[in-house]
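Have a look at the structure below before the remarks.
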Amino acid sequence: HSGVKDGGDMRGILEEIDWRAANPCAIRGTRFGFPKLETMLDGLSGGQLYVIGARPSVGKSALMTQMAMNLMECGEKPFIVSLEMKGDLLKKRMVSSIAGVSLGISKERAFTDHELTALRAAAERLSSMDWWYVDSARMDIAELGSTPGRMKKERGIKSVLVEYIQIVQDKEFKANEARLRVGESCFKLKQLAEELDIPVVVLAQLRRKEGVFNRVKGSTEMPDPELHDLKEAGNIEEDADVVMLLHRDQRENACYTELRVAKNRNDETGLVTLEFTPHTTSFKEGDFS
């Protein structure tokens, strides 16, 4: 039978043992600019589906953009499927993040010479990197499934980042079948990762929740997200190899962000703290101890 495999075939395991013995403290997958998270996930690996879930306005699109830029800095070639954010906004965010200067400053005052130089240098740097995107809100799962394969063949893309799973269209499902549509889209994205042997990172919207009053602090706090908060989850949790939940309570601290690896099929789970810079919508790992 074509699906039956020899359980005694240990070649892959022995190859990994030899690699890890020869490369102590190394990461086997692709680095993406967040060292602690890279260690926890062993980098981004081909054939794996990574889901980043967050409530609205927490910063999941900004985190995806940051990951894409970090991949570019590492010499990778990401392909971004931006179904909600238009390309010009995507580029503006990247330029602001690289330069450390918000383009929005110009609405309040003139750029300084230093800021203008930094912005122009960032735009030049971004133009020299290998990356591609589509920003069509009308893209359906069939096109999403075929385009990366063509881009890998023609351009050598190394990863796919999708914003976001709940708005991927599928003509086979009716408007009231969102749960089935999302589940099928997730399954097909996992298939895409395996067929192309590249990592696929997809964003997912979490259900909104009301704040909970903390009597000790005397304030209302947003509860930490859980796996069951995945909106219209379908089989997202089942098909994903890794699920990360992003949480930032802006009333508590606009910069402090938690990224919890809630599911990791191949390795450890745990918490990584990130620092969010609002004016450039950028992320980096932070130490808030």
Side-chain angles (χ1 to χ4, degrees), residues 2-3 5 29-30 32 41 44-54 60-61 63-65 67-68 71 76-85 90 131-207 227-246 261-266:
S2 60
K5 298 179 181 179
T30 301
F32 54 98
L41 302 182
L44 296 180
S45 300
Q48 303 289 292
L49 178 64
Y50 301 83
V51 173
I52 301 175
K60 59 183 177 297
S61 295
L63 180 60
M64 184 197 75
T65 303
M67 288 179 68
L71 285 166
E76 298 296 316
K77 300 178 180 181
F79 177 56
I80 302 172
V81 181
S82 183
L83 303 178
E84 186 175 57
M85 183 167 48
L90 180 66
W131 66 289
W132 294 268
Y133 73 93
V134 292
D135 61 354
S136 172
R138 297 180 180 274
M139 177 175 278
D140 64 21
I141 190 61
E143 186 178 359
L144 179 52
S146 62
T147 304
R150 176 171 55 82
M151 292 300 297
K152 182 180 180 182
K153 183 177 179 180
E154 296 176 359
R155 302 292 185 179
I157 64 165
K158 299 291 184 66
S159 58
V160 175
L161 300 95
V162 182
E163 181 211 29
Y164 58 90
I165 187 70
Q166 279 93 347
I167 56 176
V168 175
Q169 301 298 309
D170 191 329
K171 297 175 183 177
E172 295 184 8
F173 295 96
K174 299 176 182 178
N176 63 348
E177 297 178 320
R179 183 180 178 85
L180 295 175
R181 173 177 53 79
V182 171
E184 183 67 12
S185 295
C186 193
F187 173 70
K188 289 180 178 177
L189 287 173
K190 171 58 180 174
Q191 283 186 316
L192 176 70
E194 291 180 342
E195 289 170 5
L196 299 184
D197 193 27
I198 60 176
V200 173
V201 180
V202 60
L203 303 184
Q205 193 86 280
L206 298 183
R207 297 180 186 279
L227 283 171
H228 60 73
D229 291 327
L230 282 166
K231 186 179 180 182
E232 295 157 352
N235 55 336
I236 291 178
E237 182 183 345
E238 289 80 3
D239 286 327
D241 296 284
V242 175
V243 178
M244 294 171 276
L245 302 176
L246 190 69
V261 179
K263 175 188 176 181
N264 187 356
R265 200 189 302 277
N266 302 313

Work out which heavy atom in [X] is nearest to a heavy atom in [Y]; give both atom names and the distance.
X	Y	answer
Pro148	Leu192	CG-CD2, 3.9 Å
Gly29	Ser45	CA-OG, 4.2 Å
Ala68	Ile80	CB-CD1, 3.7 Å
Ile236	Cys186	CA-SG, 3.6 Å
Pro199	Tyr50	CB-CE1, 3.8 Å
Pro78	Leu161	CB-CD1, 3.7 Å

Any side-chain heavy-atom pair from [X] and [Y] closer than 4.5 angstrom?
X	Y	result
Val201	Val162	no
Phe79	Lys77	no
Val51	Val242	no
Val160	Val81	yes
Ile165	Leu189	yes
Leu63	Leu246	yes
Leu71	Ser159	yes
Gln166	Leu203	no

Problem - Lys263/Asp241 salt bridge by N-O under 4.0 Å criterion - result: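 Here Asp241 does not pair with Lys263 in a salt bridge, since their nearest N and O are not under 4.0 Å apart.
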Rounded to the nearest 0.5 Å, how far apart are [atom1] of [X] and [atom2] of [Y]?
X	Y	atom1	atom2	answer
Tyr164	Gln205	OH	CD	4.5 Å
Leu196	Ile157	CG	CD1	7.0 Å
Glu195	Asp197	CD	CG	11.5 Å
Met151	Tyr133	CE	OH	12.0 Å

Sidechain-backbone polar pair: [X] side chain, [Y] backbone, donor-acceptor under 3.5 Å:
X	Y	value
Lys190	Gly47	yes
Lys188	Gly145	no
Thr147	Leu144	no
Arg265	Ala240	yes

Fill in the blank from the handout: The salt bridge (Lys or Arg N to Asp or Glu O under 4.0 Å) partners of Lys158 (sequence neighbours excluded) come to none
Exercise for the section: Check the pair Val261, Leu41 against side chain to side chain contact (heavy atoms under 4.5 Å, CB included), reporting the backbone distance first and the verdict last. Expected result: CA-CA 9 Å; Val261 179; Leu41 302 182; 4.1 Å; yes
Handout entry: Derivation of the side chain to side chain contact (heavy atoms under 4.5 Å, CB included) call for Glu184 and Ile141
Key = CA-CA 9 Å; Glu184 183 67 12; Ile141 190 61; 6.0 Å; no
Practice task
Carefully, step by step, assess Gln48 and Asn266 under the rule side chain to side chain contact (heavy atoms under 4.5 Å, CB included).
Solution key: CA-CA 10 Å; Gln48 303 289 292; Asn266 302 313; 2.7 Å; yes
Handout entry: side-chain hydrogen bond (donor to acceptor under 3.5 Å, both in side chains) partners for Glu163, two or more places apart
Key = Ser61, Ser82
